[in-house]
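Structure first, then comments.
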Amino acid sequence: MNGLLAYISRRLGLTLLILLAVSFTVYLIFALLPYDPASLTCGKSCNDPGIIEANRHRLGYDKPFFEQYWIFIVGLFAGRDFGEGAAALHCAAPSFGYSFQQHACVTDLIFDALPVTLSLAIGSLILWLIVGVGLGIVAARFRGKIWDTLSTAFVLVGTSLPTFLTGLMLIVFLVIKLDWSPFPAGGYTAPDEDIVGWFLSMVLPWVTLAFAYAAIYTRFVRSQIIEISTEDYIRTARAKGLSDGIILGKHTMRAALAPIVTMAGLDFAGLLGGAILTEAVFNLPGMGRLSLNAVVDIDLPVIVGTTIFAAAIVVIMNAILDIVYAFIDPRVRV
Amino acid sequence: MFSKEAEQKVTGHSPRELAWRRFKSNKVAIPSLVVALLVILAVILAPLIYSLLGIDPAARDEGALDNRGEVPGDWNGISAKHPLGVVPGIGYDLLARMLFGARVSFLIALASTAITVFLGLLMGIVGGYFRGRVDGVIGRFTDFLLAFPTFFMIIALSAPTIERMEKSGLIQGNEARILYLIIIFAIFGWPYLSRIIRSQVISIRERDFVLSARALGASNFRILVKEVLPNVWTPVIIYVSLSLPGYLSAEAVFSYLGIGVQPPMPTLGTIIADSTKYMMNNSVYFFIPSLALILLVLTFNLLGDALRDALDPKSEN
Amino acid sequence: MNEPLLQVTDLQKFFPVAGAGIFSRERGTNKAVNGLSFTLHKGETLGLVGESGCGKSTAGRTVLKLYDPTAGSIKFEGEEISGYSNAQMKPLRTKMQMIFQDPQSSLNPRQSVGAIIGASYEVHKINPEGGVKRAVQGLLERVGLNAEHYDRYPHEFSGGQRQRIGIARAIALNPKFIVCDEPVSALDVSIQAQVVNLLTDIRDEFGMAYLFIAHDLSVVQHISDRVGVMYLGKMMEIAPTESIYSTPHHPYTKALLSAVPIPDPQLERKREQIVLTGELPSPMKPPTGCVFSTRCWKAQAKCFEVEPLLQKVGQAEVACHFPE
Amino acid sequence: MLKGKKSLKVALATLSAAALAGGLLTGCAPANSGGTITYLTQSEAWTHADPQRNYTGMHIAWFGSYLQRTLTAYDRKPGAEGSAVVPDLATDTGKATNGNKTWQFTLRDGSTFEDGSAITCEDVKYGVSRTFATDVITDGPTYAIGMLDIPTDPATGASTYKGPYSTDAANDTASFDKAITCSADHKTITFNLKRAVGDFNYTVTYLSFSPVPKAKDTGDQYDLAPVSTGPYKIKSYKTNDSMVLVRNDKWNKSSDPLRADRAFPDKVVVKFGQAAEVIDQILLSDKDKTAVSLDSLLPTNLSAVFDDKGEVLAKYKGRAINVYDPYVRYAAVNVKKVNCLPVRQAIYYGKNFQSLITLAGGQAFNGDPADGVIKPLMGLDYAKTGLGTNDKDWKPEGNVEKAKALMAQAATECPELYARATDPKRGLVYDIADTETNKKASAIWIESMTAIGITMKFNFIEAGKYYSVVLDATKQGDLSAGGWAPDWANASTVIPELFTAEGGFPMSQNWDDAAYAEFKKRSDANLTQPDRVKQGKEWAALNKYAMDQMWVIPGTFSKTQEIWGSKIGGAFFWEPQGALSFGDLFIQK
């Protein structure tokens with residue numbers, strides 16, 4: 001158990017280090033851009049030097065780069081005040097900054113957008129896992145048969161179709177042209193407002209996103225199963241006369257589970273940073289739209305905040321997966 | 001004494017020949033190879049095709065449009081003069097535009113793949129072979145790169161980076177935009193390949209034939225080139241055949257979002273982005289470029305799968 | 001006997017056991033070889049026996065300098081090579097070679113047989129009489145293969161044939177010393193004898209010295225002049241072959257011998273079987289005192305505290321406080 | 001694409017196809033009440049919701065209909081009648097004294113904010129004061145600054161009053177208090193102007209003259225949650241998502257005759273960030289029968305709705321229109337950079353108008369070739385300039401020979417600019433909003449400019465940011481696409497706005513041009529010209545003057561197309577705002 005604890009603490013230490021490196025790099029990259037962050041804070045045609053300088057001071061852009069970064073990091077843990085005295089704007093921890101363009105703490109913007117992206121990511125994750133793993137198993141079991149061919153066809157169309165085309169065609173041909181589906185042509189309904197409306201508004205985005213991912217998973221699961229079935233212990237099990245079904249369920253799938261879970265975990269984490277195309281096509285106000293619009297408006301605090309947030313989720317998910325495997329498989333710890 | 005060795009059948013085929021045999025026996029392999037080669041040939045020989053068919057990607061045939069910029073009839077003006085019809089609104093020949101666009105798209109995809117493979121191989125081999133501190137640094141660096149939300153970073157960095165490139169005075173306009181896409185695709189692409197190569201190299205490194213070469217007094221360089229490298233070509237070839245269509249559709253996606261090459265130069269992506277506006281009232285124009293992209297990606301994906309099956313005997317058991 | 005070809009003294013090879021990541025520190029050392037000494041004479045075959053994981057393969061690779069020794073001395077033809085760099089080792093490589101356990105893994109699947117064996121000449125820029133191809137074909141014939149196999153690839157051969165290719169590669173430069181690292185343990189029993197015979201023939205023909213590593217005492221019996229028994233990185237007993245089989249002095253040697261099947265069923269039934277209890281201790285944390293003490297049925301207090309050194313007992317050298 | 005708002009009380013009806021829905025309007029019974037109207041738009045949010053920051057006609061029409069009341073307003077009627085000014089918060093359309101330099105308005109009884117508190121003169125005055133805080137209240141019209149009798153700093157030309165947020169001790173609040181005065185009963189507001197403005201009651205139709213309760217003002221953030229004075233109030237407003245309006249229960253119907261019997265729907269929803277194709281398809285297929293598009297139809301979808309002549313097809317009768325909007329579109333030339341008349345003329349003659357208009361859907365939809373920046377609908381102020389169809393050298397497909405000759409002339413007259421314009425590595429930069437149609441248009445521009453030896457490069461700017469870039473003199477390219485509509489039916493809101501250094505839309509940056517001094521003198525003089533006919537003639541002459549200098553490359557007198565769902569009733573084109581009459585829309589039973 002000691003070894004495990006040591007491993008976990010080492011893994012967490014490493015995670016923190018990568019997080020620090022990523023956040024620093026993001027901060028640096030956007031500090032190096034040829035934009036004056038302060039002059040971007042006051043509306044679209046702002047050119048009053050007074051307000052620019054005031055905002056520069058409030059956002060701390062007048063401080064040396066390293067100090068700005070340090071203040072940002074401290075703000076993540078302790079919250080942050082922008083400006084002084086009564087005019088100060090306060091963002092509670094974890095503070096990712098303040099957007100003057102949107103008049104809001106970046107953290108609040110992220111927490112507004114996150115439920116939408118979570119809805120999208122969880123739903124499509126379930127969908128693509130069911131379809132992808134299912135088809136993968138079918139394709140592997142019936143190799144060379146018609147089922148394999150059909151699932152291969154599905155996989156290839158799925159991987160060949162850009163998401164924006166899938167989404168657009170679903171909306172235009174299914175929702176609008178056929179006019180028989182109960183799904184809206186876009187937009188998000190909060191589940192606490194109208195759970196049925198939420199479900200209906202999410203179905204097409206789920207399908208769109210899951211289509212692309214399910215294809216990748218079908219392919220992956222199929223090759224995993226085929227590879228594992230050539231391992232000696234599976235052959236032994238077969239030699240012992242165990243039925244194919246039992247071998248698949250008890251041995252093959254168990255061995256294939258770890259890589260599939262890893263892949264799903266990382267894909268899921270990646271999605272929480274925003275599925276830009278799907279969110280754009282279906283008009284979902286999630287993380288992807290938040291960050292994309294921030295880029296369009298050059299809303300630097302939001303760009304920096306969402307990028308670091310998205311990277312953090314990926315890094316943390318990586319660490320979680322590693323630690324979970326360390327529990328399951330002691331060899332990982334060495 | 002009687003031994004099994006006496007029974008050993010004499011075949012006499014190199015692994016390459018065996019792979020080619022397996023490849024040929026795959027039903028879709030040859031057709032997809034043929035289509036892929038034809039496409040590549042068409043892209044390379046585009047100027048020849050223009051003159052053969054009498055089409056020109058820069059010429060606009062406004063006679064093919066009505067006075068509101070639309071193509072009369074249901075078939076987007078497909079005729080002997082315009083084999084795939086015309087681009088509505090502006091009157092370009094669609095086939096010529098698509099060939100020209102495919103040239104640019106392929107340039108981006110091929111160059112990105114080449115740089116990705118170069119970096120991925122180099123980093124993967126160096127990390128996997130020398131291990132230790134070098135491997136640690138490369139490994140942490142890939143972790144670090146993979147943590148970034150790639151898609152978003154490509155969008156966020158495009159405008160300022162291209163601006164910088166143009167200000168440097170070395171490269172302008174679409175050349176700068178193409179270079180940006182190539183570089184940024186490669187930067188975020190190599191860590192994936194490098195990981196595959198590294199794990200491959202680590203397992204090869206532990207194989208006795210490497211030890212044997214060392215026992216023979218072979219230098220590290222010789223071992224890398226003669227013993228290690230030939231054994232990582234399989235994942236590399238598979239990666240290339242899959243990343244090429246990946247980058248082709250990535251180009252389309254970023255063009256759809258307005259990042260990338262600007263008119264009058266077309267790419268497959270910009271043509272598709274334009275054609276989505278005609279989804280309803282000129283579906284022929286909408287479907288042709290999209291289908292072309294899907295077919296292209298499909299072909300290379302099939303080819304990649306066939307190569308994988310052929311090169312990796314295990315998957316064929 | 002004649003002058004020593006290889007003299008190994010107090011050889012140590014430790015592997016750091018590290019975790020992943022930049023925060024990792026070396027959290028332990030695998031003491032694979034921990035104070036090993038032996039001498040090998042020209043033309044002599046020393047069998048090296050022990051359970052798997054006792055460090056015998058590591059020892060073999062370390063004396064060839066495929067691993068850098070942690071400590072100790074390796075003298076080859078009187079030359080101290082333990083501190084040599086790869087470049088310094090290169091000329092010596094023509095004199096020392098290795099045959100591997102797994103003929104599948106020891107041949108590069110992407111190279112033809114000709115390229116695999118011919119590499120020896122290429123690396124050392126040696127141009128044999130009649131050219132490389134002729135020489136390689138000669139070697140193929142010498143190891144019982146066909147000259148026409150020159151252009152074939154490893155996957156086209158059976159395990160035994162592949163091991164013959166490995167042998168051809170090892171003897172290409174006519175070395176004085178070959179480490180045979182369990183060369184037959186991966187082969188079918190029917191083929192094992194053929195390969196051992198081939199190795200014996202070649203040794204006799206070219207006058208090579210072998211360090212013949214095996215986990216099975218029965219294999220080394222026929223080919224070895226002397227046999228050394230290793231346990232947890234240390235030599236337990238080293239003695240001429242007949243002596244070790246007839247009068248083993250170390251309890252561990254006895255235990256190993258008792259596991260060797262005897263062809264006579266009657267004898268087999270009567271013989272006392274020594275079954276070692278307990279797990280093989282981790283080489284990361286070897287027991288104090290005598291390393292075998294934790295599994296020795298004769299162990300006394302002293303064994304747990306003082307490490308026994310190799311001492312002469314009859315014809316043998318034995319590391320035991322209470323040799324038989 | 002366009003800044004500036006417009007009103008035309010003249011002659012519009014003759015050219016406009018807008019009278020179509022008029023019949024539905026007059027007898028609108030409360031029976032049409034109820035339901036939800038859904039507006040769809042590509043924008044991620046309103047440009048502004050703060051009344052003092054709204055400037056474009058569509059926004060004024062929308063917010064003015066539902067949320068904000070002004071002292072006076074345009075009558076909500078189809079055709080020319082819609083351009084008449086009627087009282088709104090005020091009891092009449094204002095009393096002018098002191099030779100049109102003093103204007104007085106009296107507030108109606110019973111008008112309240114959404115919290116039920118009465119609207120006072122001080123609230124209107126406070127609202128106007130916010131206009132002066134140009135550091136916070138950006139993007140809005142600044143007529144109050146230009147017209148109110150408040151001193152300006154002779155050095156900078158800026159007003160000495162800096163708005164209500166300024167903490168500067170020198171802030172000239174006293175002058176502002178003198179410029180706008182309130183009566184003791186808080187009912188009557190008096191504006192003291194620095195020069196005579198005969199149509200000041202048109203000026204106050206702007207939302208920038210609407211009341212803001214000082215206690216509720218949150219400065220910059222007021223843009224997110226403005227207080228309503230109209231029949232609806234904001235229930236929720238979220239960028240990238242939606243705005244929801246519900247009925248304002250404190251709204252006093254009797255105090256608001258303009259909106260009294262027209263507040264039909266129970267709920268108004270705006271859905272932001274819809275893909276343009278999706279919006280069009282929803283409306284074309286009538287998927288959402290109670291939806292209205294806030295954006296124009298994509299050119300690619302026009303043929304589904306209109307025939308070749310621009311008439312609505314039977315299928316869409318009554319739910320789509322194709323009309324002249326108040327805008328003139330052009331390419332503003334940055335005269336500072338392109339300081340050579342022959343080059344500007346060469347661009348004008350070389351431009352392939354025919355292909356550009358075809359690309360945009362054809363003349364029936366995109367409009368007619370323009371000969372200046374004043375539309376013929378302006379009547380008094382319009383006269384032919386001799387450009388476009390009246391120019392014998394002008395050809396719709398471009399006159400390459402003429403343009404080449406002009407370029408040859410430029411080679412000797414201004415070799416430096418000529419060298420840059422013809423250098424394939426440098427060339428001229430054209431700023432334009434980043435849309436698919438504009439991208440295609442750029443190819444046509446490049447093609448026609450290449451034919452006359454000019455290298456043209458395009459700077460595609462994200463549509464939402466377009467004007468903030470090109471109005472920044474340091475960022476503007478050599479040419480910039482622009483469009484302008486008169487703020488009311490007087491070219492005093494066109495010529496000086498576009499072509500003088502003080503103007504609100506000075507994209508031509510032409511004040512270093514040799515011809516500028518005389519132009520400026522005549523323009524300034526004409527602003528105070530009391531004779532409207534003489535004034536109109538002079539504006540027309542100045543229009544021609546500017547065109548002779550080619551300070552803009554004329555484009556089109558443009559048209560617009562709107563579409564709405566089949567269950568929407570009451571729709572007509574509200575000419576002065578160039579938008580649908582949002583406040584009159586109802587759900588048909």
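Just so it is clear: chains get the letters A, B, ... in the order the sequence lines come, proteins before strands, and each one is counted from 1.
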Quiz item: Are side-chain heavy atoms of Glu436(D) and Thr276(B) found at a separation under 4.5 Å?
Solution: no
Self-check item: Contact class of Ser303(D) relative to chain B, heavy atoms under 4.5 angstrom
Solution: both
Practice problem: Could you tell me whether the side chains of Arg68(B) and Thr358(D) share a donor-acceptor contact shorter than 3.5 Å? | Solution: no
Self-check item: NZ (Lys81(B)) with more than 12 external heavy atoms under 6.0 Å
Solution: no
Practice problem: Would you check if Trp445(D) and Pro264(B) make a side-chain contact, meaning some heavy-atom pair closer than 4.5 Å? | Solution: no
Quiz item: Take atom CD in Glu175(B); do more than 12 heavy atoms of anything else shown fall under 6.0 Å from it?
Solution: no
Quiz prompt | Main-chain N/O of Pro88(B) paired to Lys440(D) side chain as donor or acceptor, under 3.5 Å | solution = yes
Practice problem: Considering only heavy atoms and a distance below 4.5 Å, find which of Ala159(B), Gly91(B), Gly173(B), Gly89(B) pairs most often with chain D. | Solution: Gly89(B)
Quiz prompt | Asn352(D) portion near chain B, given a 4.5 angstrom heavy-atom threshold | solution = side chain
Practice problem: Check Phe458(D) against Gln262(B) and note the closest heavy-atom contact, atom names and distance. | Solution: O-OE1, 3.7 Å
Quiz prompt | Residue pair Glu62(B) / Ser355(D), side-chain heavy-atom distance below 4.5 Å | solution = yes
Quiz prompt | Atom pair CG (Asp274(B)) and NZ (Lys439(D)), whose distance is rounded to the nearest 0.5 Å | solution = 10.0 Å
Quiz item: Non-hydrogen atoms of chain B under 4.5 Å away: do they reach the side chain of Asp280(D), the backbone, both or neither?
Solution: neither
Quiz item: Around Asp74(B), counting heavy atoms of other residues, nucleotides and ligands shown, do more than 12 lie under 6.0 Å from its CG?
Solution: no
Self-check item: Verdict with supporting geometry, Thr300(D) and Glu70(B), side chain to side chain contact (heavy atoms under 4.5 Å, CB included)
Solution: CA-CA 8 Å; Thr300(D) 55; Glu70(B) 287 176 4; over 6 Å; no
Practice problem: Of all the heavy-atom pairs spanning Ile90(B) and Leu359(D), show the shortest one and how long it is. | Solution: N-CD1, 4.3 Å
Self-check item: Over all atoms of both residues, closest heavy-atom pair of Pro263(B) and Ile446(D)
Solution: O-CD1, 4.1 Å
Quiz item: Just wondering, are more than 12 heavy atoms of other shown residues or ligands nearer than 6.0 Å to NZ in Lys309(D)?
Solution: no
Practice problem: With a 4.5 Å cut-off on heavy-atom pairs, point out which of Glu447(D), Lys457(D), Gln354(D) contacts chain B the most. | Solution: Glu447(D)
Exercise. State, with a plain yes or no, whether a side-chain heavy atom of Gln172(B) is found less than 4.5 Å away from one of Lys425(D).
Key: no
Quiz prompt | Lys336(D), NZ atom: more than 12 neighbouring heavy atoms under 6.0 Å | solution = yes
Exercise. Would you mind telling me which of Leu298(D), Leu302(D), Asp307(D) has the largest number of heavy-atom pairs within less than 4.5 Å of chain B?
Key: Asp307(D)
